[in-house]
Amino acid sequence: AYDETDDNLNLTLVPNPTQGLVTVLFNSETEHYYTIDLVDIFGRNITSYSGNAKEGGNEKELDLGNIEAGLYLVIFTLDGQREVEKLIIE
C-alpha cells in the first residue's frame with residue numbers, strides 16, 4: 001500500500017502559524033537533493049525552494065514575509081518521498 005506520509009522524513013514546520021519566517025525541519029537517510037513548494041488552496045505554486053540535504057537532521061529557513069496571509073500547503077519532496085503539511089501565514 002502507498003503511504004502518503006513517510007514518517008522517516010519527520011517533516012516539521014516551526015512556527016506554525018507563522019508571521020513570515022518558518023523553519024522546515026526534516027530527516028534524510030542520505031545526502032540528497034530536495035524541493036519545497038508552497039502552494040495556495042487553489043493549487044497555484046506560490047514559491048519554491050531547493051537544496052541538498054545532508055544525512056540526518058536538516059533545517060531550511062524560509063522567509064515568507066512577502067506572502068499574503070492565508071492557508072497554504074508545503075509540499076516537500078526528497079528522493080521520491082513526498083510529504084505535505086498545512087502552513088498558516090498570519
Side-chain angles (χ1 to χ4, degrees):
Y2 176 71
D3 185 5
E4 221 176 276
T5 301
D6 193 319
D7 292 333
N8 294 340
L9 293 175
N10 286 324
L11 183 66
T12 308
L13 307 173
V14 261
N16 189 7
T18 182
Q19 294 183 347
L21 285 178
V22 64
T23 302
V24 180
L25 303 171
F26 62 96
N27 289 332
S28 179
E29 294 178 357
T30 59
E31 290 184 21
H32 216 284
Y33 180 78
Y34 66 85
T35 59
I36 300 170
D37 296 304
L38 184 72
V39 177
D40 70 13
I41 57 172
F42 303 106
R44 293 182 298 224
N45 194 344
I46 303 302
T47 189
S48 297
Y49 301 86
S50 61
N52 290 303
K54 63 182 181 11
E55 187 176 342
N58 289 264
E59 62 181 70
K60 170 78 174 167
E61 187 174 81
L62 311 180
D63 183 356
L64 305 175
N66 60 342
I67 307 292
E68 197 175 315
L71 175 64
Y72 295 86
L73 295 178
V74 173
I75 303 172
F76 180 86
T77 308
L78 171 73
D79 192 18
Q81 300 176 66
R82 174 179 278 195
E83 193 162 327
V84 179
E85 291 284 338
K86 290 179 183 154
L87 176 66
I88 296 170
I89 299 177
E90 296 182 324

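Quick note: residue numbers are just sequence positions, from 1.
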*Asks:* If I take atom NZ from residue Lys86 and atom CG from residue Leu73, how far apart are they, to the nearest 0.5 angstrom?
*Replies:*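 Between Lys86 NZ and Leu73 CG, I get 7.5 Å after rounding to 0.5 Å.
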
*Asks:* Can you tell me how far apart CG (Leu11) and CD1 (Ile75) are? Round to the nearest 0.5 Å.
*Replies:* 11.5 Å

*Asks:* Can you find a pair of side-chain heavy atoms, one from Asn27 and one from Leu9, that are under 4.5 Å apart?
*Replies:*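 Asn27 vs Leu9: side chains apart.
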
*Asks:* Classify the ring geometry of Phe76 against Phe26: parallel below 30°, tilted from 30° to 60°, perpendicular beyond 60°.
*Replies:*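 Tilted.
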
*Asks:* Between Glu90 and Ala69, which heavy-atom pair has the shortest distance, and what is it?
*Replies:* C-CB, 3.7 Å

*Asks:* Membership question, hydrophobic clusters at under 4.5 Å side-chain separation (ILVMFWY): are Phe42 and Leu64 in the same one?
*Replies:* no

*Asks:* What pairs meet the side chain to side chain donor-acceptor pair (under 3.5 Å) rule with one or both residues in residues 43-56, with sequence neighbours excluded?
*Replies:*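 Output for this query lists Tyr33-Ser50, Asp37-Ser48, Asp40-Arg44, Asn45-Ser48.
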
*Asks:* Please collect all side chain to side chain donor-acceptor pair (under 3.5 Å) contacts where either partner lies in residues 56-75, sequence neighbours excluded, each pair once.
*Replies:*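 Residue pairs with at least one partner in residues 56-75: there are none.
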
*Asks:* Ignoring hydrogens and angles, tell me if any N or O in the side chain of Thr18 forms a donor-acceptor pair with the backbone of Leu21 under 3.5 Å.
*Replies:* yes

*Asks:* Nearest 0.5 Å, what's the CD-CG distance between Glu29 and Leu78?
*Replies:* 9.0 Å

*Asks:* Gln19 versus Ile89: any side-chain heavy-atom pair under 4.5 Å?
*Replies:* no

*Asks:* If you look at every heavy atom in Glu83 and Asn10, which pair is closest and at what distance?
*Replies:* OE1-N, 4.4 Å

